[in-house]
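Worksheet: one structure, shown below.
Values below: every heavy atom of this structure, side chains too, minus hydrogens, waters and symmetry copies. When a residue number appears, it is its place in the shown sequence, counting from 1.
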Amino acid sequence: MPVIDRLAPQDALARAKDVLGDLASEIKLNFDQLDVSCSRERLVEVIKALRDGPLQFRFFTFLSAVDRSELGGEGAGGGMEVLIHLYSQDCATHVNVHVPVDSSEPRCPTLTSIFAGANWHERETREMFGIDFEGHPQLVGLYLPEDFDGHPGLRSFKLPARSVVKEWPGAKDPDEAAAGGR
């Protein structure tokens with residue numbers, strides 16, 4: 001079992017700045033984890049540099065999105081972003097990669113050729129937030145019916161009101177079924 005060389009957060013920050021240079025628009029510490037922001041055009045380069053560089057971020061944890069559209073618009077900390085979390089087992093260090101996405105044309109390059117585990121995460125993010133992952137091998141839904149309209153992860157998505165009480169299909173006893181499952 002390899003010995004983990006735990007890096008101090010400031011050392012991890014310095015190494016990340018050396019590795020990424022101008023690929024990232026911002027590199028900082030946030031609760032002792034690295035926070036990296038980059039454009040979608042630079043995302044693949046940033047992820048490869050993090051994976052293959054001295055910090056060795058080789059453990060893909062998750063990918064999802066955040067809709068901040070009601071927090072002040074695209075330029076004021078609002079809009080949408082793709083969020084990717086990686087972990088370095090060798091250095092016991094976390095990194096969160098933030099990628100702003102244009103709400104009017106939500107798209108981002110796929111990471112499936114770098115991390116196979118990104119496949120289902122990108123499919124879920126597409127389904128919930130409407131972000132297209134360019135180059136994804138099979139960007140089809142996971143949870144929602146094919147005829148579902150909308151993206152439930154967006155702040156603009158309004159849940160439909162329930163105006164009709166439907167019989168509960170899981171009723172087990174006859175009295176419960178007759179009462180409508182209540």
Can you see which heavy atom on [X] is nearest to which on [Y], and at what distance?
{"X": "Arg126", "Y": "Asp132", "result": "NE-OD1, 2.7 Å"}
{"X": "Val44", "Y": "Thr110", "result": "CG2-O, 4.1 Å"}
{"X": "Leu154", "Y": "Met80", "result": "CD2-SD, 3.8 Å"}
{"X": "Ser64", "Y": "Phe129", "result": "OG-CE1, 4.0 Å"}
{"X": "Thr93", "Y": "Tyr87", "result": "O-CD1, 3.3 Å"}
{"X": "Ser39", "Y": "Val99", "result": "C-CG1, 4.0 Å"}

Exercise. Hey, is Lys48 close enough to Glu45 for a salt bridge, meaning N to O under 4.0 Å?
Worked result: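 Looking at Lys48 and Glu45, the cut-off is not met.
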For this session: List the steps, then state whether side-chain contact (heavy atoms from CB on, under 4.5 Å) holds for Leu86 with Arg51.
Result: CA-CA 9 Å; Leu86 305 175; Arg51 180 195 66 185; 5.9 Å; no
For this session: Sort out for me which residue in Leu63, Ile47, Leu34 forms a side chain to side chain contact (heavy atoms under 4.5 Å, CB included) with Val97.
Result: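 Passing option: Ile47.
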Do [X] and [Y] come within less than 4.5 Å of each other through their side chains, counting heavy atoms only?
{"X": "Met128", "Y": "Leu144", "result": "yes"}
{"X": "Gln89", "Y": "Gln56", "result": "no"}
{"X": "Ile84", "Y": "Phe60", "result": "yes"}
{"X": "Leu23", "Y": "Cys38", "result": "no"}
{"X": "Val101", "Y": "Arg40", "result": "no"}
{"X": "Ile27", "Y": "Asp35", "result": "no"}

Problem set entry | Sidechain-backbone polar pair: Glu127 side chain, Tyr143 backbone, donor-acceptor under 3.5 Å |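 Yes: the side chain of Glu127 pairs with the backbone of Tyr143.
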Problem set entry | Ring centroid separation Phe157 to His151 under 6.0 Å |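 No: the rings miss the under 6.0 Å criterion.
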Exercise. Are the aromatic ring centres of His94 and Phe57 under 6.0 angstrom apart?
Worked result: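 Between Phe57 and His94, which both carry aromatic rings, the centre distance is not below 6.0 Å.
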Problem set entry | Flag for Ser69-Asp67: side-chain donor and acceptor within less than 3.5 Å |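 There is such a pair between these side chains.
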Problem set entry | His98 versus Ser37, side-chain donor and acceptor atoms under 3.5 Å |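 The answer is no; no qualifying pair exists.
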Exercise. Take atom CG in Asn30; do more than 12 heavy atoms of anything else shown fall under 6.0 Å from it?
Worked result: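 Yes.
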State plainly whether one hydrophobic cluster holds both [X] and [Y], where clusters connect Ile, Leu, Val, Met, Phe, Trp and Tyr through side-chain heavy atoms under 4.5 angstrom apart.
{"X": "Ile131", "Y": "Phe62", "result": "no"}
{"X": "Leu29", "Y": "Val36", "result": "yes"}
{"X": "Phe115", "Y": "Leu142", "result": "yes"}
{"X": "Leu83", "Y": "Phe59", "result": "no"}
{"X": "Val66", "Y": "Phe133", "result": "no"}

Problem set entry | Evaluation steps, side-chain contact (heavy atoms from CB on, under 4.5 Å), between Val95 and Leu55 | CA-CA 10 Å; Val95 64; Leu55 291 171; over 6 Å; no
How many angstroms lie between atom [atom1] of [X] and atom [atom2] of [Y], to the nearest 0.5 angstrom?
{"X": "His136", "Y": "Thr125", "atom1": "NE2", "atom2": "OG1", "answer": "9.5 Å"}
{"X": "Ser103", "Y": "Glu81", "atom1": "OG", "atom2": "CD", "answer": "11.0 Å"}
{"X": "Ile114", "Y": "Arg58", "atom1": "CD1", "atom2": "CZ", "answer": "13.5 Å"}
{"X": "Lys17", "Y": "Asp22", "atom1": "NZ", "atom2": "CG", "answer": "14.0 Å"}

Problem set entry | salt bridge (charged side-chain N to carboxylate O under 4.0 Å, His left out) involving Glu105 - partner list, sequence neighbours excluded |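 Scan of Glu105 (salt bridge (charged side-chain N to carboxylate O under 4.0 Å, His left out), adjacent residues dropped) gives Arg107.
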For this session: State which residues pass salt bridge (charged side-chain N to carboxylate O under 4.0 Å, His left out) with Arg123; sequence neighbours excluded, sorted by chain then number.
Result: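 So Arg123 forms no salt bridge (charged side-chain N to carboxylate O under 4.0 Å, His left out) with any residue.
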